[in-house]
2 protein chains.
Amino acid sequence: MTATAPRPTLEAVAARAGVSRATVSRVVNGGDGVREPLVERVRKAVEELGYVPNQAARSLVTRRHDAIAVVVAEPETRVFADPFFALQLRGISKELTAHDNQLVLLLTEGRDDHARVGRYLAGGHVDGALVFSLHLDDPLPELIQRAGVPTVFGGRPDWSGDRRGVVYVDSDNRGGARDAVRHLAGLGRTRIAHITGALDQTSAVDRLDGYRDVMVDADPRLIVEGDFTPAGGERAMRELLARCPDLDAVFAANDLSAAGALRVLREAGRRVPDDVAVVGFDDMLPVAEQTEPSLTTIRQDIEEMGRLMARLLLRGLERDAAELGIGAAPSSVVLPTTLVRRASA
Amino acid sequence: MTATAPRPTLEAVAARAGVSRATVSRVVNGGDGVREPLVERVRKAVEELGYVPNQAARSLVTRRHDAIAVVVAEPETRVFADPFFALQLRGISKELTAHDNQLVLLLTEGRDDHARVGRYLAGGHVDGALVFSLHLDDPLPELIQRAGVPTVFGGRPDWSGDRRGVVYVDSDNRGGARDAVRHLAGLGRTRIAHITGALDQTSAVDRLDGYRDVMVDADPRLIVEGDFTPAGGERAMRELLARCPDLDAVFAANDLSAAGALRVLREAGRRVPDDVAVVGFDDMLPVAEQTEPSLTTIRQDIEEMGRLMARLLLRGLERDAAELGIGAAPSSVVLPTTLVRRASA
DNA sequence: ATGAAAGCGCTAACAG
DNA sequence: CTGTTAGCGCTTTCAT
């Protein structure tokens, strides 16, 4: 907790190097159009004084902040139950760092915070935003749209409003789900059940759609709603066992609910994978590797999703700056998933 | 990805309200010393124009940013394996939000990033920093000390340098470890083993010390080094079983390694808790509740740690601002832990 | 290629 | 109590 010392200004550097402020500014910003000897002198002065530009002063004139906001809505939900969030952030951080941008984190706890976030975004404190809106009825996307901040969404947002220009990055939830179910089918299973995720999130809906793509005329009783939690998985599994004692496979919407299902199956005396094969989704290591038996699941590259979101946003900002119509506005990306085979299926 | 519109300035609000910029500024910043009718007029103008202060301009003169940096060193390690990080952040975020401060997240990937972080911190972009330095030999604390930014550390930093004024928030790792071991002893166990964490982190060292506090003259073979991972836990457990087949309890430095140990015990045909009782540390829900049997462990209030760090820092900043000697500089805090009893011990 | 000068939007003395 | 004024540190025309 030490106090902070006064820092040297451009003026000071200029004086020391015997040039004008303008010249120092040029050098600091890349040094184009300044003759080598001067560049050298200025660099030296900067070094000696330990000069660091004052970002506030710079932003005031450039109207750029080299900062982007990461908005995470309602963390209580999924975000804090798994490393998802952290990995995503890591990817984002890496990309932003590579482009000298700062990451301003905005966590919201329920509706009360939306106004705050809206105000902040509208306040022009950041150049853009990366938004994770988990729930279908989330008003945040609208809010942000109105704030007029360039934005990339994490996960396909469910949006009743104008979709033009909405950019998002998502995993191929539907395709991944199809792969999971096909894998099960390939194992010779025919009574394949599905434990859904919380259906107010697009990822859960998409995974359910993927399941249906393969199980076109599945017994509707084979589908039970879960909520992405282990407890939900247990509940759903019990329900399934009661409804369809003859099931021979389960595709759970995520690893956490698969873990719950596994526990119930064991209690019920069903052997996995012999009697019932189980596939999860996410490949959340601490869970998938720890279950008994270890979990076959669908992996998504979370970190890459984060990186991509940042890349897309930054690219969009450059384009904005250049005011070019060419190079087209960035468009949404859906990342592939892969099946990771372990012991459960 | 929409473009951002030009925003109204203080000037514009002043014009609309028919007052001077200074008056508007006063109103915007609390409105002390401005007569009610004027306050009202200005508020209305602000509302109508949708005015939001330009933070850059404000910072330029006040030299405050109302932003603090959260520095997380080397995320690959522990941070991304569990919800620790996310919870900590949530606590920090809540506290900062309550005081209208922004959270700037700085993630570092190895040494190369240290210079960048040092530069940023020294650059006076934030009013203070919250730093998580996990490893004993981390040069980051030194760097930050030099940058002269008010800082609070998460977890006791191992610091060879000047300790004066170093403020940190930590869990009572040592006390928690003692509780864990005493609990085991209370169960009548006498051959209590310890799987340590990565001993380049103070938390691991402190937990080991706690174990030793109780097992004053323990068989040294009962202590095996782990690394906080499930794989490390497995390895350590195998080693322990080979060395001391007669052990009747294990205290693992965290839940993840306890999970690994549990698996090895099961493979070895040892019943838990009948043959061997097991206690973990952290109470990391997705793990502790999922193990077979569920894990008895030491809980730390992670979110509260985060909140407290932020509170301490902000308090220190206020004090700095007030330049008061009274109210003493904030000092470190060690939070209590609690034993959570489940099935494993 | 370099320098001089004019602000960016805001706060903080200082007058009145 | 309210308005006037002088910058905060930087970038950016515009001259030279």
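Since this is a predicted model, take the numbers as computed values, not measurements. The sequence lines fix the lettering, A, B, ..., with proteins before strands; numbering per chain opens at 1.
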Just verifying a value: how many Å separate A/Leu89 CG and A/Glu303 CD, rounded to the nearest 0.5 Å?
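Nearest 0.5 Å value for the CG-CD distance: 10.5 Å.
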
Provide the closest heavy-atom pair for A/Pro8 versus A/Tyr51 in the form atom of the first, atom of the second, distance.
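Closest pair (atom of A/Pro8, atom of A/Tyr51, distance): O-CD1, 3.3 Å.
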
Could you tell me how far apart B/His125 (NE2) and D/dC10 (C1') are, to the nearest whole angstrom?
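So the two atoms are 13 Å apart, to the nearest Å.
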
D/dC1 C1' sits how many Å from B/Arg41 CZ, rounded?
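It is 13 Å, rounded to the nearest whole Å.
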
Counting only side-chain heavy atoms from C-beta out, which of D/dG9, D/dC1, C/dG3 sits nearest to A/Leu60?
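Closest nucleotide to the A/Leu60 side chain: D/dG9.
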
Are A/Ser20 and C/dA4 close enough that a side-chain N or O sits under 4.0 Å from OP1 or OP2?
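Looking at the OP1 and OP2 atoms of C/dA4, neither is under 4.0 Å from any side-chain N or O of A/Ser20.
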
How does protein reach along nucleotides 10-16 of chain C, written 5' to 3' as B (base within reach of a heavy atom under 4.0 Å), S (only sugar-phosphate), or - (no contact)?
BBBB---

So which heavy atom on A/Val71 is nearest to which on A/Leu121, and how close?
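Nearest pair, atom of A/Val71 first, then A/Leu121: CG2-CD2, 4.3 Å.
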
Less than 4.0 Å between a side-chain N and a carboxylate O, is that true for B/Arg307 and B/Glu304?
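Result for this pair is yes, salt bridge flagged.
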
Measure the spacing between CG of B/Leu313 and CG of B/Asp127 and express it to the nearest 0.5 Å.
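So the gap between those two atoms works out to 8.5 Å.
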
State whether B/Lys44 and B/Glu48 are salt-bridged, where the test is any N-O pair (Lys NZ or Arg NE/NH1/NH2 against Asp/Glu carboxylate O) under 4.0 Å.
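Between B/Glu48 and B/Lys44 there is a salt bridge, with a charged N closer than 4.0 Å to a carboxylate O.
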
